[in-house]
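Okay, structure first, notes after.
Since the model is a prediction, treat every value here as computed from it, not as a measurement. Counting starts at 1 for both ligands and their atoms, in listed order.
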Amino acid sequence: MSETNHYPVLEIDLQKLVNNAEKVTSYAGERGIEITGVIKGCNSIVEAGKAMLKGGCTGLATSRMDQMKRIREAVPETETWLLRIPMLSEIEDLIRFSNISLNSEEATIRAVEAACAGVGRHHGVILMADLGDLREGFRDFEEMIALAEEIEFRMPHVTLEGIGTNLGCYGSISPTTENLTELVELARAIEARIGRKLRYISGGATTTLPLLLKGGVPEGINHLRVGEGILNGRDLIVFWNTPFPGVVADAFTLKAQVVEVKEKPSYPIGEIFVDAFGEVPVYYDEGIRIRAIAAVGKQDVGSHEKLLVRDEGLKAIGSSSDHLILDVTDMPVRPQVGDVLSFDLYYPAMLYATGSASVEKVLLHPEAL
Ligand SMILES: *Cc1c(COP(=O)(O)O)cnc(C)c1O
């Protein structure tokens, strides 16, 4: 690792990412499921994408076009997927930089066909079915089947690569054997109409991994789009109580420098109004405590609640845009000004930290790629 004087630092252990990808892709592979690696959760840092490919992912995906361009430049031969259904204003870039996109609107797919015809390209689409989570996708499956036929027989530059669904994002609906069976049945209905097999039946994201581990993913699902479960398995452990065997949750480490250590009362003094973000936090009076400030803030990590301390006795008790407020009273050895503290990150903290220009990114084990 290169030494740095520019804190905060986000260390990204590429060896761990390769390992995590290997664990997920080999387990899924044994069950007939291919994994596209999703890197929008880490601002599509291309080395993270390369680690996923090294670990067995068969393509890379993101939801944003600026990130897609970076991916295409870094790994020109890789199959790229745009996950957010495309904007009409980005169709030209879409067909240039990505091979496949998730779709739910006929008008958009017609625009893709027209753009492809103009420049002699092809583009693959996955039609999305909404199985109850109520984010993107068709609720009317007859309409979806009709559009599949339309693409197959009347849009020569658009390839219907498959169908998919997204669960657990807006409506917090879990993937189950039942709703994924519905997806497989829908795929079979489309296959019957178009007279061929679909390449992909894409049964969701990281939130489908717990069901996979339980053996509940129905036959027919042959693809998942996994980001978080490889980048940062923390949620699988904390919210799903289903750690993925062999996957580590600490590939990302945030390091922040201490800029103040002082004894302070734990209860604010004066009239309590709202904090910098218009919220009214709850404060507890625990008397005089020893408090530290580390130089990193909400702009970099979203909230102190999305960080996990690594040091015994350390507590992250608050944050503002640029400050992280820590209670260090119970630490066996209290930090001093200039010391650097390390934190684990939940998904939102990883998302913000990788996107923050103020956070220096340091890649560990580049030789793993
Ligand atoms: C973000 C996203 C994924 C990947 O989600 P993870 O939780 O990171 O695995 C998959 N599919 C779609 C449509 C997405 O937007």
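- Remark: H123 engages no residue in a ring-ring contact (aromatic ring centres under 6.0 Å, His included) (not counting sequence neighbours).
- Cation-pi geometry between K298 and F277 is satisfied (NZ or CZ under 6.0 Å from the ring centre, within 45° of the ring normal).
- Side chain of E113 to backbone of H157: a donor-acceptor contact under 3.5 angstrom is found.
- Counting side-chain heavy-atom gaps under 4.5 Å among Ile, Leu, Val, Met, Phe, Trp and Tyr, I269 is found in no cluster with other residues.
- For the atom pair OG1 (T242) and CD1 (I237), the distance works out to 10.0 Å, reported to the nearest 0.5 Å.
- Here F244 pairs with Y27 under the ring-ring contact (aromatic ring centres under 6.0 Å, His included) rule; sequence neighbours left out.
- Protein residues lining ligand 1, listed by chain and number: V38, K40, L83, L102, R135, E136, N166, A205, T206, R225, V226, G227, E228 [non-hydrogen atoms, distance under 4.0 Å].
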